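What follows is a set of notes on a single structure, which appears directly below.
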Amino acid sequence: MSGTVVHLHKNTDPPAGADTPTVLTLVPNPPPAPLVPLWVRSGRAIKTAVTHETTRTGARVVARHTMYVMGGARIVARRTWDGRTAARYERMLRAAEAAGNHDAAAEWEERGQRYREARHRRRMELLHSPLDAAKGAAVSAGTGIGGLVLLGIAMAIATKDATEVVTPLMAVIKFINLMITIVQVVWGPALAIGPFLALLALWTVGSKQQAAPQWALPANARSGEGEPITPSIVVKALRDLGVPALRNAIKEMGDAGAAMLGPIRIAGCGVEVDVTLPSGVSTIEVQNKRRKLAENLTRHEHEVFIVIPQAARTVRLWIADSGALDEPIGPSPLVTDDTMTADYTKGRAPWGQDLRGDAAALSVYQRHLLITGLSNQGKTAALRSLALWVALDRSVEFWMGDLKGVGDWAMFDGLATKLIQGPTDDHVIQVTEMAEDAVEEMNRRLQAPPGTEFPPLIVIVDEAQVAFMCPVKDEDKRPYGGSSSTSRYFMAARKIHNQGRAVNVLLWQGTQDPTDQNLPKLVREGAHTRASLALGTESQARMALGDKAVDGGAAPNLLRPGLDKGTLVVASDGIEIPKGQSSITVRTHYISTDDAKEIAARAKAMRDGVTTLHVIERGEERDPLADIASVLGDAPRLLTADVLKRLATLNEDAYGGWSFLDLKRVLDGTGAEPYKSDGRMVVARERLTRALTNRDSDGSASASE
């Protein structure tokens, strides 16, 4: 019964009164486990041993200490060679010539020549030294022996013993014999221990210089977190970048690549260095290796910025201190200084700090503005902070459209002449009509007599992509959105871009995630100041900032969404950009909504009172007297010129063509006629309120009769 086992067991639960029977059970044997060849098991054991962490740690330890000895030997040999030859002077001379520093090169050449002359004198003296040494030794020996003999004669006379004459000489001979015996005893152990002492000395030098590969170093030495940037670290990072031409060129350089580097300068929370690349290496090859370069410098990718200065074949590296860019910058001067005012023409808005830690201020004078970026990266806050600063100049007028409509711009109620808030198609229609009104105002100013000065009018549209993508058409089948020549918002923006700055009519736009559909090419290229927060792709970065800025090193697509909130890459002539660069990175001050309300309140206190229009109404009958009262607001009196201006803003169709005579005609006979105050014609709110009250009461009396 092969493969079967017979089991005998008793029935454990027999019926009452029955005998306990024995039961035979046939159970098949389990199949035998397959035999594993010995060589397979040995291979698995070897693989486990090799991949075990303890084994790898031991291998790193052995490799590290071996390389310490080899590296120490290399360092000692290099130092010895430098000390015995003019190699050091030649190396510094070549580096100075490569850097174009001819004065330093001449100085190093002179030092090298002096060293060679001194070395020649020593060698010539060495040729005559054996003869001089022999003569000196003979003279010294004769003098010494003579002295010892004289000393022995003196001792013999003193002791009256003639044998004392040779006692000093014999004492010296015995001492020399003792020294020889000591050397014979010590020489053997010294020869045995000497190599070990030499290896220990080399290991000490290598360990101090960390002369071992990165993978073999201990974890704490391998991380290099926060390691200061030195020329050798920069050259090594470039050498290991994976660009063959660059690596080979550095190896062939007599100064190990030091000539490529300019001076390393402290720049804010990091350092800056210019690198002149060798022939055959293009700047784009280094730009494309930004992440690897950062890791070679023991930094994160966002802590290394690469820009292209004017010098040919040169890249400028800005390397942050570890973790410095994750620290917040200070509050805005708009928050800390409640006495601050603005000057639209000559002033600059305190926007934030550049990477050097210097204040970054932006001039908005006659410059259209575009800010873009992914959602929830601080676009509205950055745009609003500029508007809050400009609002502190009482001459500036605002027309605003917030197509998000969550209250981010609510503090401008009572400060902006027009404020439209909401995300619907109706709000897009109203914002479009507001932009078209700005075009009409621009045309009116352009047709004014030469030399006429106009107060600045800034039209702000936040979330402008909503307007560009609106599918609604008007009664003439013209679309409000889109980028065609019939698109109403697109054409209004283009017209303002074309001629608005000449008469101080400006368009500021904020938009998300730029594409050709939600930010047409002609509109984005019409902005004088273009800024971008974090973006997803390089193509979007080119849409936001233009090809020139991106080719020069601007890379908002490399900013970290969510972590670099409020960090902008700016291309504009309105901000100070280092010479040779096409853009600058700015970390903007964050102004909270509560702080924004306080700043807006200060701006309102500087003005006579502004009536904010929230809905643009057209094609309806107007009550001129009531409209005049509404535009006066809380002001006790207002110049007639300002009344006409505010009426035109309230309703262009009804009041856009009004003159002083039209205003006087409406007010004549009401008791609220214009009168002179300090030599200028004004309209009084109290008289106008009384006229409206009398008119309403007269109307009620007539109705009752």
Side-chain angles (χ1 to χ4, degrees), residues 267-269 324-367 369 371 377-398 400 402 407-417 419 455-458 460 462 504 506 508 510 529 531 533 564-568 570 572-578 584-610 612 634:
C269 56
L325 295 183
D326 295 326
E327 298 293 330
I329 64 174
S332 170
L334 292 173
V335 177
T336 58
D337 185 3
D338 57 5
T339 63
M340 176 176 285
T341 58
D343 186 342
Y344 162 79
T345 303
K346 300 179 181 179
R348 289 176 177 264
W351 212 7
Q353 294 180 0
D354 62 15
L355 295 178
R356 296 169 172 265
D358 299 331
L362 179 70
S363 171
V364 299
Y365 176 64
Q366 292 188 346
R367 290 179 176 89
L369 175 68
I371 297 181
Q377 299 303 309
K379 170 179 52 61
T380 297
L383 183 61
R384 189 176 65 185
S385 65
L386 294 177
L388 288 169
W389 177 80
V390 179
L392 296 175
D393 183 342
R394 58 179 300 173
S395 67
V396 179
E397 181 180 1
F398 292 101
M400 294 183 172
D402 175 16
D408 289 337
W409 297 86
M411 69 288 301
F412 281 85
D413 192 358
L415 191 57
T417 308
L419 178 59
L457 170 62
I458 299 179
I460 300 177
D462 196 10
N504 279 331
L506 305 179
W508 292 4
T529 295
L533 295 113
D564 290 327
K565 281 187 176 183
T567 299
L568 287 162
V570 185
S572 171
D573 62 349
I575 193 169
E576 187 175 351
I577 297 177
I584 187 172
T585 301
V586 177
R587 304 172 69 197
T588 59
H589 296 294
Y590 173 69
I591 301 177
S592 67
T593 301
D594 292 337
D595 290 335
K597 291 178 180 178
E598 294 181 5
I599 299 169
R602 299 205 306 264
K604 293 174 186 177
M606 299 171 61
R607 303 172 185 246
D608 294 330
V610 176
T612 299
D634 296 331

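As the structure is a computational prediction, the values presented were derived from the model and not from experiment. We're numbering straight along the sequence, starting at 1.
- Applying the side-chain contact (heavy atoms from CB on, under 4.5 Å) test to A391 and every residue at least two apart in sequence or in another chain returns F398, F412, L415, A603, R607.
- Between M606 and T341, the closest heavy-atom pair is CE-CG2, 4.3 Å.
- I575 has its side chain out of reach of D354: every pair of non-hydrogen atoms, C-beta onward, lies at least 4.5 Å apart.
- The heavy-atom pair separating A416 from T612 by the smallest distance is O-OG1, 2.6 Å.
- Side-chain contact check for Q366 versus Y344: some heavy-atom pair is nearer than 4.5 Å.
- For the pair S572 and L362, the minimum side-chain heavy-atom distance is below 4.5 Å.
- Residue-environment remark: CD (E576) stays at or below the threshold of 12 foreign heavy atoms within 6.0 Å.
- Counting all heavy atoms, side chain and backbone alike, L392 lies closest to M340 at CD1-O, 3.4 Å.
- Residues A382 and L568 approach most closely at CB-CD1, 4.0 Å, considering heavy atoms.
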> Passes side-chain contact (heavy atoms from CB on, under 4.5 Å), W508 versus D462? Steps please.
Replying inline: CA-CA 8 Å; W508 292 4; D462 196 10; over 6 Å; no

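- From R384, atom CZ reaches atom OH of Y590 across 6.5 Å, with rounding to the nearest 0.5 Å.
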> After noting the C-alpha distance and the side-chain angles of L369 and V364, does the key distance pass the side-chain contact (heavy atoms from CB on, under 4.5 Å) rule?
Replying inline: CA-CA 8 Å; L369 175 68; V364 299; 5.8 Å; no

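- Taking 4.5 Å as the limit, some side-chain heavy atom of D573 sits within range of a side-chain heavy atom of R367.
- For the atom pair L533 CG and K379 NZ, the distance stands at 8.5 Å (nearest 0.5 Å).
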> Can you list the steps and then say if K604 with V610 is a side-chain contact (heavy atoms from CB on, under 4.5 Å)?
Replying inline: CA-CA 8 Å; K604 293 174 186 177; V610 176; over 6 Å; no

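- Contact of the I329 side chain with the H589 side chain is registered, since non-hydrogen atoms from C-beta on lie closer than 4.5 Å.
- In this structure, L457 CG and T417 OG1 are separated by 7.5 Å, a value rounded to the nearest 0.5 Å.
- If you take CE on M400 and CG on L419, they are separated by 7.0 Å, rounding to the nearest 0.5 Å.
- Taking every heavy atom of both residues into account, A531 and V570 meet most closely at CB-CG2, 4.0 Å.
- Between A349 and L386, the shortest heavy-atom contact is CB-CD2, 3.7 Å.
- Atoms CG and CH2, on D343 and W389 in that order, are 6.5 Å from each other to the nearest 0.5 Å.
- Defined by atom type and a distance below 3.5 Å, a donor-acceptor pair is present between the side-chain atoms of D393 and S395.
- Here the CG atom belonging to L388 is positioned 5.5 Å from the CD1 atom belonging to I591, to the nearest 0.5 angstrom.
- Residues passing the salt bridge (Lys or Arg N to Asp or Glu O under 4.0 Å) test with D608 are R394, sequence neighbours excluded.
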